[in-house]
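Please read the structure below before turning to the comments.
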Amino acid sequence: MRIGLTGGIAAGKSTVTARLARLGAYVIDYDALARTVVAPGGEALPSIVAEFGPDALNPDGTLNRAWLAEHVFGRQAEPGARERLDAIEHPLIYREAARLENAHPEARIVVHDIPLLAEVIDEIPFAFDHIVTVEAPEAERIERMVNTRDMSRQQALDRIRHQSTQAQRQAIADTIIDSAQPMANMLQTVDRLYEQWT
């Protein structure tokens with residue numbers, strides 16, 4: 001089975017992913033793939049520099065993530081900047097995800113951990129047997145980003161503003177996991193889901 005896992009930023013998706021991996025699922029982490037394609041030597045890096053200019057790089061040749069985030073997600077971002085970045089990165093990420101999936105034919109449950117699944121559901125070259133979204137109240141997510149990711153409240157709000165809404169994620173999901181509930185209850189929900197899939 002191929003599972004699509006999504007959720008709002010800082011909603012607790014990583015906790016669900018870790019539990020599924022512990023239960024035996026093979027997880028393909030799209031955030032990790034995105035980091036790989038923009039690493040030095042990664043296929044996306046030259047295209048990002050060509051599209052956004054040399055300021056997208058640090059002096060050591062690595063991606064200047066803070067600069068790019070401000071120019072893609074910040075309040076002064078040019079219209080269409082996010083789409084231009086996605087057009088560079090997404091095809092490379094999908095290709096690598098397909099390679100990883102094909103490299104693990106023994107996996108009974110393959111989880112595609114895709115933060116932006118609702119945004120790309122019409123373009124992604126995979127069909128999912130089950131889609132799960134992990135959700136938490138916006139105020140709680142903002143607090144998590146401020147406290148654990150060194151973001152300002154405005155940066156946290158900008159990230160949320162550039163993602164799909166909770167309603168959009170729930171519209172594509174077969175199952176909604178509330179991560180604001182006690183941790184033990186949430187993990188029991190994950191365990192029951194995995195049992196159903198297997």
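All figures in this text were calculated on a predicted structure; none of them were measured in a lab.
A donor-acceptor contact shorter than 3.5 Å links the side chain of Gln168 to the backbone of Thr165. For Arg169 (side chain) and Thr133 (main-chain N/O), no donor-acceptor pair under 3.5 Å exists by modelled atom type. Side chain of Arg2 to backbone of Val111: no donor-acceptor contact under 3.5 angstrom is found. Arg144 contributes a side-chain N or O that, together with a main-chain N or O of Ala11, makes up a donor-acceptor pair within less than 3.5 Å. Under the 3.5 Å distance criterion, the side-chain polar atoms of Glu43 are left unmatched by any main-chain donor or acceptor of Val37. Without hydrogens or angle criteria, Thr62 side chain to Asn58 main chain gives no donor-acceptor distance under 3.5 Å. Between the side chain of Asn102 and the backbone N or O of Ala98, at least one donor-acceptor pair lies under 3.5 Å.
Proximity of Ile3 to Ile109: side-chain heavy atoms (C-beta onward) are separated by under 4.5 Å at one or more points. Here the side chains of Ile177 and Leu193 are in contact, with some heavy-atom distance below 4.5 Å. Residues Asn64 and Leu68 have side chains not in contact (no heavy-atom distance under 4.5 Å, counting atoms from C-beta outward). Looking at Gln155 and Val146, their side chains never come closer than 4.5 Å, going by heavy atoms from C-beta outward. A heavy-atom distance below 4.5 Å is not found between the side chains of His104 and Val110. Side-chain contact check for Glu89 versus Leu33: every heavy-atom pair is 4.5 Å or farther apart. Using a 4.5 Å heavy-atom threshold, the side chains of Thr6 and Val134 count as separate. Residues Ile160 and Glu138 are in side-chain contact: their nearest non-hydrogen atoms beyond the backbone lie under 4.5 Å apart.
Ring pair Tyr94/Tyr30 is tilted by interplanar angle, where 30° to 60° counts as tilted. Ring geometry, Trp67 versus His71: the interplanar angle falls under 30°, so the pair is classed parallel (tilted spans 30 to 60°).
Scanning all heavy atoms of the two residues, the minimum distance from Ala56 to Ile48 falls at CB-CG2, 4.2 Å. Of all heavy-atom pairs between Gly61 and Pro40, the closest is O-CG, 4.4 Å. The shortest non-hydrogen separation linking Ile28 to Ala97 is CD1-O, 3.6 Å. The minimum heavy-atom distance between Glu140 and Ser179, with the atom names listed, is OE2-O, 4.5 Å. Closest non-hydrogen pair, Ala21 versus Val27, comes out as CB-CG2, 4.0 Å.
For the pair Arg84 and Phe52, the cation-pi test (distance below 6.0 Å, angle within 45°) is passed.
Between atom CE of residue Met183 and atom CZ of residue Arg19 there is a gap of 10.0 Å, rounded to the nearest 0.5 Å. Taken from CH2 in Trp197 to CZ in Arg192, the straight-line distance is 12.5 Å, to the nearest 0.5 Å. From Asp191, atom CG reaches atom CD of Gln196 across 11.5 Å, with rounding to the nearest 0.5 Å. For the atom pair OG1 (Thr198) and CD (Glu195), the distance works out to 6.5 Å, reported to the nearest 0.5 Å. Remark: Ser47 OG to Leu85 CG distance equals 10.5 Å, nearest 0.5 Å. Within the model, atoms NE2 of His90 and CZ of Arg95 stand 14.5 Å from one another, a figure rounded to the nearest 0.5 Å.
Between Glu135 and Arg141, no side-chain nitrogen of the basic residue sits less than 4.0 Å from a carboxylate oxygen of the acidic one, so the salt-bridge criterion is not met. With salt bridges taken as basic N to acidic carboxylate O contacts below 4.0 Å, none links Arg35 and Asp31.
Ile93 and Leu116 fall into different hydrophobic clusters, defined by Ile, Leu, Val, Met, Phe, Trp and Tyr side-chain heavy atoms under 4.5 Å apart, directly or through other members. Ile9 and Ile172 fall into different hydrophobic clusters, where Ile, Leu, Val, Met, Phe, Trp and Tyr are joined by side-chain heavy atoms under 4.5 Å apart, directly or via other members. In the hydrophobic clustering of this structure, Tyr194 does not group with Ile131; members are Ile, Leu, Val, Met, Phe, Trp, Tyr whose side-chain heavy atoms approach within less than 4.5 Å, directly or through other members. Clustering ILVMFWY residues whenever any of their side-chain heavy atoms sit less than 4.5 angstrom apart, transitively, puts Val72 in a cluster other than the one holding Met145. Transitive grouping of hydrophobic side chains (ILVMFWY, heavy atoms separated by less than 4.5 Å) brings Ile88 and Ile114 into a common cluster.
Under the salt bridge (Lys or Arg N to Asp or Glu O under 4.0 Å) criterion, Arg159 pairs with no residue, sequence neighbours left out. Shown here are the ring pair (Phe, Tyr, Trp, His ring centres under 6.0 Å) partners of Phe128, two or more places apart in sequence or in another chain: His112.
More than 12 non-hydrogen atoms from other residues, nucleotides or ligands lie less than 6.0 angstrom from CZ of Arg161. The environment of CD in Glu123 is crowded: more than 12 heavy-atom neighbours from other residues, nucleotides or ligands sit within 6.0 Å. Within a 6.0 Å radius of CG in Asp150, other residues, nucleotides and ligands contribute 12 heavy atoms or fewer.
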Could you walk me through whether Leu45 and Leu57 pass the side chain to side chain contact (heavy atoms under 4.5 Å, CB included) check?
CA-CA 9 Å; Leu45 202 55; Leu57 287 184; 3.8 Å; yes
Going through the checks in order, is the side chain to side chain contact (heavy atoms under 4.5 Å, CB included) test met by Asp178 and Met186?
CA-CA 7 Å; Asp178 173 15; Met186 185 180 79; over 6 Å; no
What's the verdict on side chain to side chain contact (heavy atoms under 4.5 Å, CB included) for Val190 and Thr15, showing C-alpha distance, side-chain angles and the deciding distance?
CA-CA 10 Å; Val190 176; Thr15 303; over 6 Å; no
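For the residue pair Glu106 and Tyr26, no side-chain donor N or O sits within less than 3.5 Å of a side-chain acceptor on the partner.
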